[in-house]
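So the structure is just underneath, and the comments pick up after that.
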Amino acid sequence: MNKQTILAIETSCDETAIAIIEKRKDKSVKILSNVVLSQAEKHAPYGGVFPSLAKREHAKNLTPVLERALKEANLLIPGSTPIKDKLKNILSREPELQSNLEEFFKAYSNPQIDHIVVTQGPGLEPALWVGINFAKALGISWSVSVGPVNHLEGHICSVLMPESEGSVFTPSVIEFPALALLVSGKHTELVLIKPGHTYEIIGRTQDDATGEAFDKVARMLGLPYPGGPHVEKLASLGRPNQKIKLPRPMITSKDYNFSFSGLKTAVLYLIKNMGGIEKITEQDKADIALEFQQAVFDVLLHKSLRAIDEYSVKTLIVSGGVSASSSLKNALNESLNKLDKEINILTPKRTLATDNALMIALAGIHRIKKEKQATNLDEIQANGRWNLKGIN
Ligand code: KG4
Ligand code: ZN
């Protein structure tokens, strides 16, 4: 086959996303479409993602997102797709999704898709299930194989698209051993990657994830959800300030684990001791944001550099929502410049740092290559805590 078309579905958190890529024989990849519909505004009043709302929104949005993704890919063909009996069983818990999809099948015929991949975990299980059932429904109706992808492997693969490239690119080459610093709203992990994409988790957060800590501190500073980009913007106005000092938790611990919950509490007390958020000047708020951000980056970078040294790492991957931060990338480049060793750094394009389905499609390429036969649909089950260790 000269080319394979892969459709990827991502619904692990609050983004409903579908991407379609074409993988060509010369290993280049063409992005046919990459649609992301964020629910962030809907969750903002709760200060975080509300699982049952996320599930409902995915069910409502998946069919329109599919239609858009196929249309952008020039794969939306008027006609009809026979509705199979099995569809009712698969979507029995999603009546809205079922009726949307049946309407869709009445209007369009089978598109030319060779594989479907879907995020199986980790993430919010009710949200994952909607995407998985949708993938199964499409697979059965279009007679196409469906394969599971790990969301974190997706974040790692988000760096395979070079930052400066357009819609056709040759995936970046990763020199092994590689180290991935995964920093998202739900995860903070240091993962050692060996040839053939086998993973060893060498450290992780013991409590809050990096993005979660940013979101919580943003809330304390009166900033909207998701807070990371707002904290970064405020921090850019901050000045190093003698009276505003925060701890660097676990920076000297011998392991590669992290802890951000104490840091978040330290911000809470700092604000209290300064008389409460209403009494704090805008400049002081910016100084707090800067010191908090610096404390987080100091710990992340200190541990990453130590792991680079211990494991003779050749490529450092920094990915996940927090890697959208230019301040993190600047701090990273500054620390690596001080090392007297050449190391290849891979970070995702800004739009691929937060959740999207293109990264799931890129991870899907590896999975499809490795799987000798199509996965049995019944084996694809949402797994909220699926970690990278078991994948190879
Ligand atoms: O990867 P992602 O979209 O979702 C998860 O899989 O968790 O990450 C979202 C997280 C949020 O917590 C958000 O505040 C954080 O990434 N984030 C940032 C920045 N942009 C997004 N954190 C710090 N600085 C940023 N510029
Ligand atoms: Zn994510």
Side-chain angles (χ1 to χ4, degrees), residues 8-17 19 36-41 43-44 46-51 54 119-125 127-128 131 149-159 180-189 191 204-205 208-221 223-236 238 260 263-264 289-290 292-297 299-301 317-332 347-360 362-363 384-388:
I9 301 167
E10 155 65 38
T11 62
S12 67
C13 193
D14 59 348
E15 265 89 27
T16 313
V36 181
L37 198 128
S38 175
Q39 309 168 2
E41 263 179 27
H43 296 278
Y46 305 97
V49 181
F50 195 66
T119 305
Q120 176 174 258
L124 302 167
E125 287 198 359
L128 289 163
V149 166
N150 181 290
H151 181 79
L152 299 179
E153 187 170 40
H155 274 303
I156 290 175
C157 291
S158 69
V159 305
L181 171 64
L182 279 178
V183 274
S184 76
K186 293 275 174 307
H187 296 272
T188 299
E189 293 185 358
V191 186
R204 56 156 53 107
T205 182
D208 291 353
T210 316
E212 187 181 2
F214 268 92
D215 294 339
K216 288 177 176 169
V217 166
R219 208 167 181 198
M220 292 176 204
L221 292 171
L223 301 169
Y225 170 84
H230 298 283
V231 172
E232 186 184 15
K233 199 163 160 216
L234 185 60
S236 69
F260 294 112
L263 177 59
K264 168 195 74 188
L290 177 63
F292 164 74
Q293 182 174 270
Q294 201 51 54
V296 173
F297 293 172
V299 187
L300 292 176
L301 297 179
I317 292 170
V318 184
S319 63
V322 182
S323 72
S325 166
S326 311
S327 313
L328 174 58
K329 285 187 242 183
N330 293 340
L332 178 71
T347 54
K349 262 180 129 110
R350 202 185 170 92
T351 49
L352 294 188
T354 46
D355 289 350
N356 62 87
L358 181 57
M359 68 184 196
I360 303 302
L362 294 173
R385 294 173 171 273
W386 191 22
N387 79 39
L388 278 170

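All ligand and atom numbering here is 1-based and tracks the order in the structure. All figures in this text were calculated on a predicted structure; none of them were measured in a lab.
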Quick check: does any side chain N or O of [X] sit under 3.5 Å from a backbone N or O of [Y], one acting as donor and the other as acceptor?
{"X": "Glu125", "Y": "Gly384", "answer": "yes"}
{"X": "Thr210", "Y": "Thr188", "answer": "no"}
{"X": "Asp215", "Y": "Gly227", "answer": "yes"}
{"X": "Asn356", "Y": "Met359", "answer": "yes"}
{"X": "Glu232", "Y": "Pro229", "answer": "no"}
{"X": "Asn387", "Y": "Arg385", "answer": "no"}

What atoms in ligand 1 come closer than 4.0 Å to a heavy atom of [X]?
{"X": "Ser325", "value": "24 (N), 25 (C), 26 (N)"}
{"X": "Asp215", "value": "11 (C), 12 (O), 13 (C), 14 (O)"}
{"X": "Thr354", "value": "3 (O)"}
{"X": "Gly211", "value": "12 (O)"}
{"X": "His155", "value": "1 (O), 6 (O)"}
{"X": "His151", "value": "6 (O)"}

Nearest neighbour in protein (non-hydrogen) for atom 17 (N) of ligand 1: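 Answer for atom 17 (N) of ligand 1: Gly321 O, 3.6 Å.
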
Could you find the nearest protein heavy atom to atom 23 (C) of ligand 1 and give me its residue, atom name and distance?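 Closest protein heavy atom to atom 23 (C) of ligand 1: Gly228 CA, 3.5 Å.
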
With a cutoff of 4.0 Å, is [X] in contact with ligand 1, counting heavy atoms of the residue only?
{"X": "Gln293", "result": "no"}
{"X": "Cys13", "result": "no"}
{"X": "His187", "result": "no"}

With no hydrogens and no angle check, do the side chains of Ser12 and Glu10 hold a donor and an acceptor under 3.5 Å apart?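 Result is yes, a qualifying pair exists.
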
Pair Ser319-His155, side-chain donor/acceptor within less than 3.5 Å: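 The criterion, which ignores hydrogens and geometry beyond distance, is not satisfied for His155 and Ser319.
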
State the atom name: nearest N, O or S atom of His155 to the Zn ion (ligand 2).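 Per the distance ranking, His155 contributes NE2 as its closest N/O/S atom to the Zn ion (ligand 2).
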
Suppose we only allow N, O or S atoms; which atom of Asp355 ends up nearest to the Zn ion (ligand 2)?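 The atom in question is OD1.
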
Is the ring pair Phe297/Phe214 parallel, tilted or perpendicular, if the boundaries are 30 and 60 degrees?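 Tilted: the ring planes of Phe297 and Phe214 meet at 30° to 60°.
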
Pick whichever of Asp355, Val36, Asn356 has a heavy atom sitting closest to atom 4 (O) of ligand 1.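 Closest candidate by heavy-atom distance is Asp355.
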
Nearest heavy atom to atom 7 (O) of ligand 1 wins, so pick from Ala40, Ser12, Gly185, Gly320.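 Minimum heavy-atom distance to atom 7 (O) of ligand 1 goes to Gly185.
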
Using a cut-off of strictly less than 2.8 Å, determine whether Cys13 has an N/O/S atom near the Zn ion (ligand 2).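 No N, O or S atom of Cys13 is closer than 2.8 Å to the Zn ion (ligand 2), so no.
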
Residue that, paired with Ser327, satisfies side-chain contact (heavy atoms from CB on, under 4.5 Å) out of Gln294, Gln293, Lys233: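 That would be Gln293.
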
Considering all heavy atoms, the nearest Leu301-Leu332 contact: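 Minimum heavy-atom contact is CD2-CD1, 3.5 Å.
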
Does only the side chain of Glu232 get under 4.0 Å from ligand 1, or the backbone, or both, or neither? Count heavy atoms.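 It is the side chain that touches ligand 1; the backbone stays farther off.
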
